[in-house]
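Just so it is clear, the model here is predicted, and its values are computed rather than measured.
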Amino acid sequence: MVPTKKEQLVYGSTLGFAFLTAVETFDGFSQEWGASWGDVVANASGTLLYVSQELLWKEQRITPKFSFHTTRYAAMRPDVLGKDLKEQLLKDYNGQTYWLSANIQAFTKTEMLPEWLSFAVGYSAEGMLSGRAETLPPEFASESRRYRQILFSLDIDFKKIKTKSPVLKTVFSILNTVKIPAPALELSDFSRLRGHWFYF
């Protein structure tokens, strides 16, 4: 018996959240990073975002995305933040930005803009050399001023690019998990505003 769309949503979201909860549990045993309720809330929010859009609009108008850039912090603590690019991609949170990318036409119904154009809001932070201040070696104390960043940028909704090619549809589906490099406005510590000609 083939499950209904609603049952698929329930099963998929439950399994996904269970998997991420297992990851957070393993993080809880990490000496450097540990687990946090914030991570659990973020995982639950992502699951809720997907399910609620399917129930409300029967489509994904808002897409979570990811971007990464290398930072100077990894060279200071390569054992913690990664020795090469593939390790830094996973470990150096200073270079990670998490985005919510909203398709403009899906909300405004205007035909004046391209169907694939999106507006993205990102969240990032810098100054993180360890998970907890008490585990940070004294020589890095002056480099560990943590601050948050909110970013605003334009993006592409690759799902809206029309193609008949199954290969391209797969490629576009994968690309749609990554925020494209683009100009951005950054609001640091919720007070200082600066622009980036190219942010990733």
Exercise for review: Before accepting this row, confirm whether a basic side-chain N of the pair Arg72/Glu126 lies closer than 4.0 Å to the acidic partner's carboxylate O.
Suggested key: no
Work out which heavy atom in [X] is nearest to a heavy atom in [Y]; give both atom names and the distance.
X: Leu154; Y: Ala182; answer: O-CB, 3.8 Å
X: Arg61; Y: Ala106; answer: NH1-O, 3.3 Å
X: Gln88; Y: Thr70; answer: OE1-CG2, 3.8 Å

Check your understanding: In the hydrophobic cluster built from side-chain contacts under 4.5 Å, what are the other members alongside Tyr98?
Key ->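 Taking Ile, Leu, Val, Met, Phe, Trp and Tyr as members, Tyr98 shares its hydrophobic cluster with Phe66, Phe68, Leu85, Leu89.
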Tell me whether [X] contacts the main-chain N or O of [Y] through its side chain, where contact means a donor paired with an acceptor under 3.5 Å.
X: Asn176; Y: Asp157; answer: no
X: Gln105; Y: Leu113; answer: yes
X: Thr177; Y: Lys65; answer: no
X: Asp92; Y: Leu81; answer: no
X: Ser124; Y: Gln96; answer: yes
X: Gln60; Y: Gln53; answer: no

Hydrophobic clusters here meaning ILVMFWY residues chained together by side-chain heavy-atom distances under 4.5 Å, can you tell me if [X] and [Y] are in one?
X: Leu100; Y: Trp57; value: yes
X: Tyr147; Y: Ile150; value: no
X: Phe107; Y: Ile156; value: no
X: Leu175; Y: Leu117; value: yes
X: Phe119; Y: Ile180; value: yes

Exercise for review: Could you note down all residue pairs passing side-chain hydrogen bond (donor to acceptor under 3.5 Å, both in side chains) where residues 106-117 supplies at least one of them, sequence neighbours left out?
Suggested key: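 Every pair satisfying side-chain hydrogen bond (donor to acceptor under 3.5 Å, both in side chains) with a residue in residues 106-117: Glu115-Lys162.
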Check your understanding: Can you say whether the rings of His69 and Tyr199 are parallel (under 30°), tilted (30 to 60°) or perpendicular (over 60°)?
Key ->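 Rings of His69 and Tyr199: perpendicular, over 60°.
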Starting at [atom1] of [X], measure out to [atom2] of [Y] and round the result to the nearest 0.5 Å.
X: Met128; Y: Thr71; atom1: CE; atom2: OG1; value: 9.0 Å
X: Leu129; Y: Tyr93; atom1: CG; atom2: OH; value: 14.0 Å
X: Lys83; Y: Lys91; atom1: NZ; atom2: NZ; value: 6.0 Å
X: Phe200; Y: Ser153; atom1: CZ; atom2: OG; value: 11.0 Å
X: Leu168; Y: Ser173; atom1: CG; atom2: OG; value: 12.0 Å
X: His196; Y: Leu185; atom1: NE2; atom2: CG; value: 8.5 Å

Check your understanding: Considering only heavy atoms from C-beta outward, does the side chain of Lys159 approach that of Asn103 to under 4.5 Å?
Key -> no
Practice item. Step by step, work out the side chain to side chain donor-acceptor pair (under 3.5 Å) result for Lys179 and Thr97. Key: CA-CA 9 Å; Lys179 165 72 174 67; Thr97 305; over 6 Å; no
Practice item. Determine, step by step, whether Ser101 and Asp155 satisfy the side chain to side chain donor-acceptor pair (under 3.5 Å) criterion, reporting the C-alpha distance in whole Å, the side-chain angles of both residues, the deciding distance to 0.1 Å, and the verdict. Key: CA-CA 7 Å; Ser101 182; Asp155 190 31; 2.7 Å; yes
